2 protein chains.
Amino acid sequence: MERVEWLTEREERAWRALQFMQMRLDGELARQLATDSALSYPDYRVLVALTDRPDGRLRLFELAAVLGWEKSRASHHVARMTSRGLVDKEPCDDDRRGAFVVITERGRRELADAAPGHVATVRRLFVDLLSDDQLDSIADVAESVLANLVRREPAASRMRL
Amino acid sequence: MERVEWLTEREERAWRALQFMQMRLDGELARQLATDSALSYPDYRVLVALTDRPDGRLRLFELAAVLGWEKSRASHHVARMTSRGLVDKEPCDDDRRGAFVVITERGRRELADAAPGHVATVRRLFVDLLSDDQLDSIADVAESVLANLVRREPAASRMRL
DNA sequence: CTAACATAGTGGACGTGTCATCTATTCCCA
DNA sequence: TGGGAATAGATGACACGTCCACTATGTTAG
């Protein structure tokens, strides 16, 4: 095992603060939605993704891709949402393996109720605290970290016997 | 319901990218630990917190505070770790409600095995990609977001009947 | 054409995290 | 000092997310 550099003070500060921020932020967002609406944070994200489409429908694998979820997670979550009447599943004629996820009237109503409070909270706890430069800096960092992750990913698929 | 400003393009870019980064980063970190060691990411953080103390022990509520966890989460997680022999629980004489969480030899061994790979992954996927300015910027942002969260928190406790 | 492979989606098992609730103890102040 | 409030911790119920294995359908190369 070669020598491993532990983090410098500067690195540690950034890494710790980021972890804490994300944990607390997600917690608050989830809590706000749970308190002020009947939607969980994942529910909310699914419904937003669906209403971004003119017909309010997405193939399950597209939904997973848009949200950055694994397909299994999307399947489980959509199943839960279907049982609560927030979305419906419909078969797909082009590809008979496939399924569409469609937002219901009830889903639209609950999203419309929840959205203002959620957006206000994102502003209050995050966006409104930051300058334009800080927002850009965050986006730059996050995008380069993501690009690096994606670049590494195909390595696994390339591994063939 | 007053009018709510949805996010500008710049704000949305930062917010979305940050969410994605954190989700993917946590996933990779968890996956790396699961693959290369017998520890989960939460396990790892508990053991690090304990070894930061000279005697390898912390009161349960202190552990929760250090990690930024709710006490219930700490209690559940420590129970799971105790059953796997990574930590022990010991009664506290000063405060008979209390309990100490103590790292075991086995816990120390597994942490020592897991640490190099974990740190290397944090470097590879995050720290080493960023400049000093970027690291400082992240830390500044995260700390001000956290300070804002803490500032709001006491409001709830102040609410009395 | 068909055999191998890839992809869409499902479902069970399990670990994780939150909320609400409960007990026991300690703190505090009138 | 006695009694109400705060605190430490445990626990049960439930939602969430991952891994893995599986079915069914589509795609492609020989």
Side-chain angles (χ1 to χ4, degrees), chain A residues 22-24 26-35 38-46 58-65 67-84 86-87 89-101 154 156-158 160-161, chain B residues 22-24 26-35 37-46 58-65 67-84 86-87 89-101 154 156-161:
Chain A
Q22 202 63 27
M23 181 173 48
R24 297 294 314 281
D26 274 7
E28 282 308 312
L29 256 6
R31 205 163 353 260
Q32 182 270 325
L33 276 175
T35 304
L39 301 177
S40 70
Y41 192 19
D43 294 339
Y44 182 90
R45 296 191 55 204
V46 167
L58 273 171
R59 284 289 296 276
L60 198 105
F61 77 99
E62 291 178 299
L63 178 64
L67 297 176
W69 289 0
E70 305 192 0
K71 65 180 184 170
S72 174
R73 177 179 179 181
S75 176
H76 279 299
H77 202 84
V78 165
R80 288 189 289 260
M81 292 179 72
T82 302
S83 77
R84 288 190 292 139
L86 298 170
V87 299
K89 265 183 292 189
E90 290 180 7
C92 171
D93 293 334
D94 293 5
D95 183 339
R96 273 176 313 186
R97 295 168 301 181
F100 282 106
V101 185
S157 325
R158 265 185 249 119
R160 292 273 176 282
L161 300 191
Chain B
Q22 202 64 25
M23 182 174 46
R24 298 294 315 279
D26 274 8
E28 283 308 312
L29 255 7
R31 208 166 346 264
Q32 182 269 324
L33 275 175
T35 305
S37 79
L39 300 177
S40 71
Y41 193 18
D43 294 339
Y44 183 90
R45 296 191 55 204
V46 167
L58 271 172
R59 284 289 296 277
L60 194 97
F61 79 97
E62 290 178 300
L63 178 66
L67 297 177
W69 288 2
E70 306 193 359
K71 63 181 184 170
S72 173
R73 175 178 179 183
S75 177
H76 277 301
H77 203 84
V78 164
R80 289 189 289 259
M81 291 179 73
T82 301
S83 78
R84 289 190 291 140
L86 299 170
V87 298
K89 264 184 291 189
E90 290 179 7
C92 171
D93 293 334
D94 292 6
D95 184 339
R96 273 175 313 184
R97 295 169 300 182
F100 281 106
V101 185
S157 325
R158 264 185 249 118
M159 248 178 260
R160 292 274 176 284
L161 300 189

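Below, read A as the first sequence line, B as the second, and so on, with proteins coming before strands; counting in each chain starts at 1. All figures in this text were calculated on a predicted structure; none of them were measured in a lab.
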task: Begin with the C-alpha distance, continue with both residues' side-chain angles, and end with the deciding distance and a verdict on side-chain contact (heavy atoms from CB on, under 4.5 Å) for F100(B) and K89(B).
output: CA-CA 6 Å; F100(B) 281 106; K89(B) 264 184 291 189; over 6 Å; no
message: By nearest heavy atom, map M23(A) and E62(A) onto DNA chain C; which one lands nearer the 5' end?
response: E62(A)
message: Here's a test of your reading of the structure: between D93(B) and E70(B), which maps to the more 5' nucleotide of DNA chain C?
response: E70(B)
Taking the side chain of [X] as heavy atoms from C-beta outward, which of [options] is closest to it?
X      : options                   : result
R97(B) : dA8(D), dA24(D), dT16(C)  : dA8(D)
S75(B) : dG15(C), dG9(C), dA10(D)  : dA10(D)
R59(A) : dG9(D), dG12(C), dA8(C)   : dA8(C)
S40(B) : dA24(C), dT10(C), dT16(C) : dT16(C)
D95(A) : dG9(C), dG26(D), dA6(D)   : dG26(D)
R96(A) : dT11(D), dG26(D), dA8(D)  : dG26(D)

message: I'd like to know if the side chain of T82(A) reaches the main chain of V78(A), judged simply by a donor and an acceptor atom lying under 3.5 Å from each other, with no hydrogens or angles considered.
response: yes
statement: So CG of L86(A) and CG of L39(A): to nearest 0.5 Å the spacing works out to 6.0 Å
query: Base, sugar-phosphate, or nothing for R73(A), non-hydrogen atoms under 4.0 angstrom?
result: base
Mind calculating the distance between [atom1] ([X]) and [atom2] ([N]) to the nearest angstrom?
X      : N       : atom1 : atom2 : answer
R80(A) : dG9(C)  : CZ    : C1'   : 15 Å
L33(A) : dC16(D) : CG    : P     : 12 Å
R84(B) : dC14(C) : CZ    : P     : 15 Å
K89(B) : dA8(D)  : NZ    : C1'   : 12 Å
D43(B) : dT18(D) : CG    : P     : 17 Å
L58(B) : dA8(D)  : CG    : P     : 14 Å
D94(B) : dT26(C) : CG    : P     : 10 Å
L63(B) : dA10(D) : CG    : P     : 11 Å

task: Look at K71(B) and dA10(D) and indicate whether a side-chain polar atom (N or O) is within less than 4.0 Å of OP1 or OP2.
output: no
field: Distance test, side-chain N/O of R31(A) to OP1/OP2 of dC19(C), below 4.0 Å
entry: yes
- prompt: Do we see a donor-acceptor contact under 3.5 Å between the side chains of R73(A) and H76(A)?
  reply: no
- prompt: Which residue lies toward the 5' end of DNA chain D, A99(B) or H77(A), if each is placed at its nearest nucleotide?
  reply: A99(B)
message: If the test is side chain to side chain contact (heavy atoms under 4.5 Å, CB included), which one of R24(B), M23(B), Q22(B) qualifies with D26(B)?
response: Q22(B)
- prompt: Take atom CZ in R96(A); do more than 12 heavy atoms of anything else shown fall under 6.0 Å from it?
  reply: no
message: Would you say the base of dT11(D) stacks on H76(B) (centre-to-centre below 5.5 Å, plane angle below 30°)?
response: yes
message: Once hydrogens and angles are ignored, does a donor-acceptor distance under 3.5 Å link the base of dG11(C) to the side chain of S72(A)?
response: yes
